[in-house]
Amino acid sequence: MLNFRASVKRLGLFVAMAIAAFSAHAEVTIYHAMGTTVLNDPPKRIVTLFQGATDAAVALGITPVGVVESWVEQPMYTYLREPLKDVPHVGLETQPNLEEIAKLKPDLIIAAKLRHEKIYPQLSQIAPTITLETVYKFKETLHMMGMATGHRQQAQAWLADWDARVAHFSNAVSRNPDIQWPQKVALLNFRSDHARIYYNSFAGLILNELGFSRPPAHRENTWGVKLTSKESIPSMNADVFFIFMTKTDPAVMQTYQQWTQHPLWKTLDAVKQQHVYEVNEVDWNMGGGPLAASRMLDSIFKHYQLSE
């Protein structure tokens with residue numbers, strides 16, 4: 001009996017070791033926007049080549065060995081500076097430095113077809129490279145990052161928490177008697193020489209998920225539209241405006257003042273109802289990842305004075 005029990009124990013230990021060994025060396029096949037990438041071992045040295053991928057890595061507790069510079073607040077967004085304080089930069093999102101990437105000896109590169117389709121062959125020669133179709137669909141980025149790095153459960157847990165927060169907002173805002181719901185929303189951006197309405201975008205997708213609707217003219221399946229004439233101000237019309245812009249740029253602020261002081265601006269529903277909110281451009285547009293999305297949702301709860 002003792003020998004039998006000892007044999008069973010040894011067999012169990014052998015099986016456990018075999019499973020552990022298999023798990024440690026099991027291949028992971030990732031299907032992505034530019035093809036298929038097979039990873040033989042969990043990557044340890046990851047380079048992220050777009051903002052949303054950098055954000056997603058930090059959200060999963062991963063410190064990349066290389067990242068691209070931020071669009072504003074250079075060289076890195078304020079909310080990511082602490083976790084990335086010692087991480088080297090490898091150029092711009094639109095023009096990463098291949099030589100600097102190679103020096104870091106990565107075992108995984110996270111890129112985007114939108115930005116890096118032309119250099120994908122060179123990136124793949126440096127290290128296994130996984131591409132997202134675009135740069136602003138943060139759920140897809142987080143899921144892909146989790147799958148490729150062995151953090152799948154952490155990604156799923158984060159997304160489950162996100163879904164719960166979205167459901168809570170939708171329930172709270174629709175039940176609040178002081179808020180007329182649903183609301184048609186316009187996401188506006190002012191530049192140095194024009195204005196924009198964003199349709200399908202990072203913030204636009206989140207607003208859709210929260211239950212906001214868009215005016216019929218804003219429902220085209222495109223990123224949005226550029227407005228070069230103040231005569232087009234009426235096309236902005238909606239119940240509520242969320243506006244982001246680079247406030248440190250004098251030319252941008254001049255454009256904003258000129259457009260919002262125009263007589264047509266005062267005819268818009270959101271303006272008449274005082275539902276015009278200026279929001280953080282990094283959280284609402286440039287961060288592009290789950291942490292930025294969470295910060296954006298924080299600000300929406302605050303705007304509507306809803307508790308979590």
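Computation of the quantities below employed the complete heavy-atom set of this structure, encompassing side-chain atoms and omitting hydrogens, waters and symmetry-equivalent molecules. Just so you know, residue 1 is the first one in the sequence shown, and it goes up from there.
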In this structure, are over 12 heavy atoms from other groups packed under 6.0 Å from [X] atom [atom1]?
| X | atom1 | value |
| --- | --- | --- |
| Lys302 | NZ | no |
| Glu278 | CD | yes |
| Gln156 | CD | yes |
| Glu99 | CD | no |
| Lys105 | NZ | no |
| Gln153 | CD | no |
| His275 | NE2 | yes |

Are [X] and [Y] linked by a side-chain donor-acceptor pair shorter than 3.5 Å?
| X | Y | result |
| --- | --- | --- |
| Thr131 | His116 | no |
| Asp55 | Tyr79 | yes |
| Tyr77 | Glu69 | no |

Can any side-chain N or O of [X] pair as donor or acceptor with the backbone N or O of [Y] at less than 3.5 Å?
| X | Y | result |
| --- | --- | --- |
| Asp239 | Lys184 | yes |
| Asn237 | Asp269 | yes |
| His218 | Ser235 | yes |
| Ser229 | Glu231 | yes |
| Thr129 | Leu123 | yes |
| Thr141 | Lys137 | yes |
| Ser201 | Gly204 | yes |
| His168 | Ser307 | yes |
| Arg191 | Val252 | no |
| Glu27 | Leu39 | no |

| said: Pair Phe242, Trp284 - check ring-ring contact (aromatic ring centres under 6.0 Å, His included), show working. | reply: CA-CA 9 Å; Phe242 290 110; Trp284 282 66; 4.7 Å; yes
[X] with [Y], same ILVMFWY side-chain cluster at under 4.5 Å:
| X | Y | value |
| --- | --- | --- |
| Trp223 | Tyr199 | no |
| Ile109 | Leu142 | no |
| Leu297 | Leu291 | no |

| query | Between Asp298 and Arg165, is there a salt bridge with N-O shorter than 4.0 Å? | reply |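 Answer for the salt bridge query: yes.
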| field | Residues Glu209 and Lys139 bridged, charged N to O under 4.0 Å | value | yes
| task | Would you check, one step at a time, whether the test ring-ring contact (aromatic ring centres under 6.0 Å, His included) holds for Phe212 with Trp181? | result | CA-CA 8 Å; Phe212 289 89; Trp181 191 258; 4.8 Å; yes
| request: Report yes if the side chains of His89 and Met76 come closer than 4.5 Å at any heavy-atom pair, otherwise no. | output: yes
| query | Looking at Phe244, Tyr256, Tyr198, which hits ring-ring contact (aromatic ring centres under 6.0 Å, His included) with Phe190? | reply |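 Answer after filtering Phe244, Tyr256, Tyr198: Tyr256.
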| field | Centroid separation Tyr277 to Phe241 less than 6.0 Å | value |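 Judged by ring-centre distance (under 6.0 Å), Tyr277 and Phe241 do not meet the cut-off.
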| task | Quickly, which of Thr94, Thr246, Asn285 forms a side chain to side chain contact (heavy atoms under 4.5 Å, CB included) with Trp71? Name it, please. | result |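 Only one option passes, and that is Thr94.
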